[in-house]
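Within every chain, numbering begins at 1; the chains are lettered A, B, ... in the order of the sequence lines, protein sequences first and strands thereafter.
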Number of protein chains: 2
Amino acid sequence: MESHDLLIFKQVAERQSVSKAAENLGYVQSNISQRIKSLEDELGAKLFVRNNRGVTLTDKGTTLLDYANRILLLLDEAKSAFNPQKWRETLTIGAPQTISAFKVPQLFSLFLKKHKNMDVKVRTSDKQSLQDMLYYGELDGLFVHGPYDEGRLESVYSYEQNIVLIAPEKWELETPYNQTLIVNSFTSCSYRDALLHYSESNHFYDPTILEFDTLESILQAVQNGLGISILPEDVLNSRKELSPIECKKLSEGIKINFVVKQRKYQPHVLKKFISFLWESS
Amino acid sequence: MESHDLLIFKQVAERQSVSKAAENLGYVQSNISQRIKSLEDELGAKLFVRNNRGVTLTDKGTTLLDYANRILLLLDEAKSAFNPQKWRETLTIGAPQTISAFKVPQLFSLFLKKHKNMDVKVRTSDKQSLQDMLYYGELDGLFVHGPYDEGRLESVYSYEQNIVLIAPEKWELETPYNQTLIVNSFTSCSYRDALLHYSESNHFYDPTILEFDTLESILQAVQNGLGISILPEDVLNSRKELSPIECKKLSEGIKINFVVKQRKYQPHVLKKFISFLWESS
DNA sequence: TGGAGGTATCATTTTAACTGATACTAACGG
DNA sequence: CCGTTAGTATCAGTTAAAATGATACCTCCA
């Protein structure tokens, strides 16, 4: 069992797929199949259960993944103990305000704990600009909700973001009259859609639409009793001081994709970050 | 940088020699040379200083050795998390009383901390029996002082054992008359020689020779004022309760060899133990 | 001055990793 | 119920990397 076997194993375990792991590592699927097989033979234990939608870890596999993570982390640390400047690369990630406000700082702080030799940057902007920046190489990757340019960009990771409806104190959430919907202009349509959807399903009658372009202004507006809006649950949780606000968790989440430019060779830092996303999920 | 590179590196670092490491790992010297070179190239740092009696670690090499030890230990642990019964092997080591009394338990306790999945045994006896036992496969290895059957056994590790002269309280160590030398019958000649050598260099006149066959009896004899003797420093330090005894450190130590049977493939546990000896020196 | 004991280099061989093509399996849609 | 899709397994063949063997080279020491 060599460290490279563990790298392959880790990738398969995290992607829960032999072929995805192969693609990601730049190998052909059959190779990964074989190497996992020989690893299993060597250890004398099945590491994965093969179900036809991919593979999932067995108990023993979980044990090994834990070791693999520890070993590979140490290996990385050892490498970066040499040539520090050579490895000190910058990762630049784009995100809309709702994500850059809470999720990204949280992720980065965990990421930097593991990879001390990297610099990270966030660029907050609207979806179109971010996509352009990504395409022109100013960003390494990008968090988006909703559709994106699938011709040139590809999603390498995604997760569900819980969202909550927020309203001023004592607001009558279900009353169909005199409702004001506060939407943001910075997250294209997902949040707006979710809000409109809520509006419709409660048969709101001709609600007023207020649009703001920063997260702060929306929060202010709700606090001042202007109307209701929708935000990621995380953002709200991180601002406990923001009561007096009523909030209501919505059953449907929003799917958030981490997208990158389509290309064969990703920069080292980006690979690390993607791998980190899968690890921490 | 793969774990196998680290294994090779570790071996070279511990033996301070490319060729010794090669021999030990069952490779040819040129291969190890090349792999160390390519490891250095990869990390962009010299790991060893080549002096014509071998190689020694640079500062960066020391850093890497630390990582290598941690990584390889984790790898071993991961392996032994599988097939526990298969890997639970027994290591049987022979030693004369003077070594089995202190050095061996100390070594074993450290060894078992690192390799939790092994059993260890000590066999204490006289040199000739131990050599026979080793040759007939009842022992994996053997600590000896002084000469051993070099035709059939080979030394794979050695160290210097400090020795001290012990005497009853208020004994006149330099007086040449009426001295009694207490020798042991269980460590062939090294200790006896050291004692006789001391006797001669102090021009002792016709000293009495007392022979005992256990460590305990010698200690008792000295405590009871019978005469002087010689013991490993360690043994004495571990028995602080044994004063009233005078002791005097001698400048010359005794060379102790760890010897094994000459053969191409050593059992896994033995390899681990030998590696451990080099590591901890 | 040449032998002993060590490392480095390089052309060649061997081994293990990787590829590409194909077979197999289960779910999914019509 | 049959073809399509999305996955894994197998296997013969290729490629790349590691290991070898021979040789060069250095330094100490007798």
Side-chain angles (χ1 to χ4, degrees), chain A residues 1-58 60-61 68 75 150 154-156 158 264-265 278, chain B residues 1-58 60-61 68 75 150 154-156 158 264-265 278:
Chain A
M1 178 166 62
E2 289 299 309
S3 53
H4 195 223
D5 300 324
L6 292 180
L7 184 70
I8 290 173
F9 165 76
K10 176 181 149 95
Q11 203 67 225
V12 174
E14 279 165 6
R15 302 311 244 263
Q16 304 197 63
S17 158
V18 170
S19 41
K20 297 257 175 57
E23 187 189 5
N24 208 54
L25 291 165
Y27 289 129
V28 101
Q29 172 264 326
S30 61
N31 186 27
I32 305 304
S33 263
Q34 279 177 129
R35 298 207 55 166
I36 292 295
K37 184 177 187 298
S38 70
L39 185 59
E40 289 182 324
D41 289 350
E42 182 186 343
L43 295 175
K46 281 266 166 270
L47 298 171
F48 295 102
V49 181
R50 278 77 166 169
N51 40 21
N52 36 298
R53 294 248 148 248
V55 297
T56 49
L57 281 176
T58 60
K60 302 215 167 186
L75 258 174
E150 301 194 23
E154 65 174 326
S155 170
V156 289
S158 70
K264 191 146 190 188
Y265 300 107
W278 285 97
Chain B
M1 179 165 65
E2 289 299 309
S3 52
H4 194 222
D5 300 324
L6 292 180
L7 184 69
I8 290 173
F9 165 76
K10 176 181 148 96
Q11 202 67 225
V12 174
E14 280 166 4
R15 303 308 244 259
Q16 304 196 58
S17 158
V18 170
S19 41
K20 297 256 176 59
E23 187 189 6
N24 208 55
L25 291 164
Y27 289 130
V28 100
Q29 172 264 325
S30 61
N31 185 28
I32 305 304
S33 263
Q34 278 178 130
R35 298 207 57 167
I36 293 295
K37 183 177 188 298
S38 70
L39 185 59
E40 288 181 326
D41 289 350
E42 183 186 343
L43 295 175
K46 281 266 167 270
L47 298 171
F48 296 101
V49 181
R50 278 75 165 167
N51 40 21
N52 35 296
R53 296 245 147 251
V55 298
T56 48
L57 281 175
T58 59
K60 302 215 167 184
L75 258 174
E150 301 195 23
E154 64 174 326
S155 169
V156 290
S158 70
K264 190 146 190 186
Y265 299 108
W278 285 96

For a quick check, tell me whether the side chain of B:S30 and the base of D:dG21 share a donor-acceptor pair closer than 3.5 Å.
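Check passes, donor-acceptor contact within cut-off.
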hbond_proxy B:Q34 side chain to D:dA18 base (donor-acceptor, 3.5 Å cutoff):
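Check fails, no donor-acceptor contact within cut-off.
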Rounded distance (Å) that lies between atom [atom2] of [N] and atom [atom1] of [X]:
X: B:R35; N: C:dA16; atom1: CZ; atom2: P; value: 12 Å
X: A:E23; N: C:dT19; atom1: CD; atom2: C1'; value: 16 Å
X: A:F48; N: D:dG7; atom1: CZ; atom2: P; value: 16 Å
X: A:D5; N: C:dA16; atom1: CG; atom2: C1'; value: 11 Å
X: B:I36; N: D:dA19; atom1: CD1; atom2: P; value: 12 Å
X: A:L7; N: C:dA17; atom1: CG; atom2: C1'; value: 15 Å
X: B:K20; N: C:dA4; atom1: NZ; atom2: P; value: 16 Å
X: A:L39; N: D:dT8; atom1: CG; atom2: P; value: 16 Å

Where the side chain of B:Y27 is concerned, which of D:dT8, C:dT19, D:dT20 is the nearest nucleotide?
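Nearest to the side chain of B:Y27 among the choices is D:dT20.
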Closest listed nucleotide, where the reference is the side chain of A:S17 and the choices are D:dG7, D:dA19, D:dC28:
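Ranking D:dG7, D:dA19, D:dC28 by closest atom to the A:S17 side chain puts D:dG7 first.
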Presence of B:R50 side-chain N/O under 4.0 Å of C:dG6 phosphate oxygens OP1/OP2:
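No, no such contact exists.
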Min side-chain heavy-atom separation A:L6-B:L75 under 4.5 Å
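They are in contact (side-chain heavy atoms under 4.5 Å apart), so the answer is yes.
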How do A:Q29 and A:G26 order along DNA chain C: which one's closest nucleotide is nearer the 5' end?
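The residue whose closest nucleotide sits nearer the 5' end is A:G26.
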5'-most contact on DNA chain C: A:N31 or A:R53, nearest heavy atom basis?
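First, find each residue's nearest nucleotide; the 5'-ward one identifies A:N31.
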Going by the side chain to side chain contact (heavy atoms under 4.5 Å, CB included) test, name the single residue among B:V12, B:T58, B:V18, B:T56 that passes it with B:F48.
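When side chain to side chain contact (heavy atoms under 4.5 Å, CB included) is applied between B:F48 and each of B:V12, B:T58, B:V18, B:T56, only B:V12 qualifies.
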Using a 4.0 Å heavy-atom cut-off across all strands, classify A:S19 as base, sugar-phosphate, or nothing.
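Sugar-phosphate contact only - A:S19 comes under 4.0 Å of backbone atoms but never of a base.
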Distance only, no hydrogens: is a donor on one side chain within 3.5 Å (strictly under) of an acceptor on the other, for B:S3 and A:E2?
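Yes, A:E2 and B:S3 have a side-chain donor paired with an acceptor closer than 3.5 Å.
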State, without any angle test, whether A:S38 and A:Q34 hold a side-chain donor-acceptor pair at a distance under 3.5 Å.
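No, no side-chain donor-acceptor pair sits under 3.5 Å.
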Work out which heavy atom in A:K46 is nearest to a heavy atom in A:K60; give both atom names and the distance.
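Between these two residues, the closest heavy atoms are O-CB, 4.1 Å.
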